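Data block below; observations after.
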Amino acid sequence: APVLTFILNPAAFSNNVNEVSKVSVVEDGGLKYIEFFLDGVSLGQSLSDTAALNNLKEGPHTIQVVAQDMAGNNSVPINYYFYSDFTAPVVDPIWVNTPTGYTSISIPVTAHDNINAAANVLKYYYVLDDQVVYSLFNSPIMLTGLTNGLHNVKAYAVDQAGNMSAVVTSNDFMVDLTPPVVTFVKYPNDKISTSSTVTVNFAVTDSGSGVQSYTCAYSLNGVAISYPSNACTQGTDLQFSIMQPGTYVFSVS
């Protein structure tokens, strides 16, 4: 019987509407015909070793080829399986927690595709801010060396057939590497008498993400002492009574 071998076929995942299949035939006694089948439907009998697969529909396909020699011997059928995939994957919205005080962050990116076959591995590409060249990555995106300021990430996915998703842009996220600044607006002299009252007034500002919280501490000779609960409010004149000699420290962080 003739012996058939595939020598050309569509890719396992193809986004071409028209494809080609080709076989080689080993037959010493003369060949009667070669017959290609697409999804069980005959494409006709001929002596051509090549078949045009036209107007392919999306989904899985099977190519089967048989041959018969002049003596009536039939070859063993050979089969090839592939997907026609014309649908691009979809990248899910990208959300980055904001703000962050780190120069390196990890950003998960997910996408889904119409073909869930295990071999249909999506490739992800991303770019940071307004860079031009997209980098290939495996989710999550690992960003390093981030600088102070606002950033965003753009990403897209490509399936095994070569279909490219739309580019998805993350929310703007802030990298804030600058700590808040505490400024004392009012404070007493270095040396004061006992049985006096001093005034302290402070302000806390931040040039990046804004002030989340601040705490105060009050001590005498290194030992913490209590103070009124409202004495840790910025922008307010805070009154402290000095009753004992020693070194007083009012600190804000």
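Remember, it's a predicted structure, so these values are computed and weren't measured experimentally. Throughout, residue positions are numbered sequentially from 1 according to the sequence presented.
Of all the heavy atoms in Ile242 and Tyr248, the pair that sits closest is CG2-CE1, 3.6 Å. Ile94 and Ala155 get closest at one heavy-atom pair: CD1-CB, 3.7 Å. Of all non-hydrogen atoms in Ser207 and Thr178, the two that sit nearest each other are OG-CG2, 4.0 Å. Minimum interatomic distance between Leu31 and Pro2 (heavy atoms only, all atoms of both residues): CD1-CG, 4.0 Å. Annotation for Ala111 and Tyr124: closest pair N-OH, 3.3 Å, computed over non-hydrogen atoms. Between Phe6 and Ser21, the shortest heavy-atom distance links the atoms CE2-OG, 3.6 Å.
No more than 12 heavy-atom neighbours from other residues, nucleotides or ligands sit within 6.0 angstrom of CD on Gln212. The number of heavy-atom neighbours closer than 6.0 Å to CE of Met164, taken from other residues, nucleotides and ligands shown, is above 12. Within 6.0 Å of atom CG in Asp237, more than 12 heavy atoms from other residues, nucleotides or ligands are found, so the atom counts as buried in its surroundings. When the shell of 6.0 Å around OH of Tyr214 is examined, it contains more than 12 heavy atoms from other residues, nucleotides or ligands. By the 6.0 Å contact criterion, NZ on Lys154 is enclosed, its count of non-hydrogen atoms from other residues, nucleotides or ligands being greater than 12. Under a cut-off of 6.0 angstrom, the local environment of CG in Asn230 is crowded, with over 12 non-hydrogen atoms contributed by other residues, nucleotides or ligands. Within a 6.0 Å sphere centred on CG of Asn54, heavy atoms belonging to other residues, nucleotides or ligands number more than 12.
Side-chain N or O atoms of Asn18 include one that pairs as donor or acceptor with a backbone N or O of Asn55 at under 3.5 Å. No donor-acceptor pair under 3.5 Å is formed between the side chain of Gln131 and the backbone N or O of Val133. Without hydrogens or angle criteria, Thr98 side chain to Phe173 main chain gives no donor-acceptor distance under 3.5 Å. Without hydrogens or angle criteria, Asp85 side chain to Ala161 main chain gives no donor-acceptor distance under 3.5 Å. Checking side-chain atoms of Ser75 against main-chain N and O of Pro77 turns up no donor-acceptor pair under 3.5 Å. Proximity of a side-chain donor or acceptor of Asp129 to a complementary backbone N or O of Asn152 within less than 3.5 Å is detected. Checking side-chain atoms of Asn221 against main-chain N and O of Thr247 turns up a donor-acceptor pair under 3.5 Å. Distance alone, capped at 3.5 Å, places no donor-acceptor pair between the Ser84 side chain and the Glu58 backbone. No donor-acceptor pair under 3.5 Å is formed between the side chain of Asn9 and the backbone N or O of Tyr80.
Side chains of Asp92 and His112 form a contact here, defined as non-hydrogen atoms less than 4.5 Å apart. With contacts defined as side-chain heavy-atom distances shorter than 4.5 Å, the pair Thr197/Gln239 qualifies. In this structure the side chain of Asn201 never reaches within 4.5 angstrom of the side chain of Leu238, judged on heavy atoms. For the pair Val204/Pro180, a side-chain contact is recorded, criterion being any heavy-atom separation below 4.5 Å from C-beta on. Using a 4.5 Å heavy-atom cutoff, the side chains of Leu136 and Lys123 are in contact. Looking at Val76 and Leu4, their side chains never come closer than 4.5 Å, going by heavy atoms from C-beta outward. Between Asn74 and Val66, every side-chain heavy-atom pair lies at or beyond the 4.5 Å cut-off.
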Open item on the list: The test is side chain to side chain donor-acceptor pair (under 3.5 Å); show your working for Ser14 and Glu19 and say whether it passes.
Closed with: CA-CA 9 Å; Ser14 167; Glu19 285 282 7; 2.6 Å; yes

| task | Take Asp159 and Asn120, measure what side chain to side chain donor-acceptor pair (under 3.5 Å) needs, and give me the verdict at the end. | result | CA-CA 6 Å; Asp159 62 22; Asn120 186 31; 5.2 Å; no

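Linking ILVMFWY residues whenever their side-chain heavy atoms come closer than 4.5 Å, directly or via other members, leaves Tyr83 and Ile63 in distinct clusters. Under a hydrophobic clustering in which Ile, Leu, Val, Met, Phe, Trp and Tyr are joined whenever their side-chain heavy atoms come within less than 4.5 Å, directly or via other members, Val158 and Val167 fall into the same cluster. Note on Val91 and Phe86: separate hydrophobic clusters, where clusters join Ile, Leu, Val, Met, Phe, Trp and Tyr whose side-chain heavy atoms are under 4.5 Å apart, directly or indirectly. Hydrophobic clustering of Ile, Leu, Val, Met, Phe, Trp and Tyr side chains at less than 4.5 Å, counting indirect connections, unites Leu177 with Val96. Ile107 and Met174 end up in different hydrophobic clusters when Ile, Leu, Val, Met, Phe, Trp and Tyr side chains are linked at under 4.5 Å.
With Thr62 as the fixed residue, the side chain to side chain contact (heavy atoms under 4.5 Å, CB included) test singles out one of Phe37, Tyr81, Phe82: Tyr81.
Ring geometry for Phe250 versus Tyr227: interplanar angle over 60°, hence perpendicular rather than tilted (30 to 60°).
Side chains of Thr215 and Ser253: a donor on one and an acceptor on the other come within 3.5 Å. Glu35 and Ser42 share a side-chain donor-acceptor pair at under 3.5 Å.
Ring centroid separation for the pair Tyr126 and Tyr156 does not come in under the 6.0 Å cut-off. Here Tyr187 and Phe202 keep their ring centres 6.0 angstrom or further from each other.
As a member of the Ile/Leu/Val/Met/Phe/Trp/Tyr network built from side-chain separations under 4.5 Å, Val249 groups with nothing else and remains a singleton.
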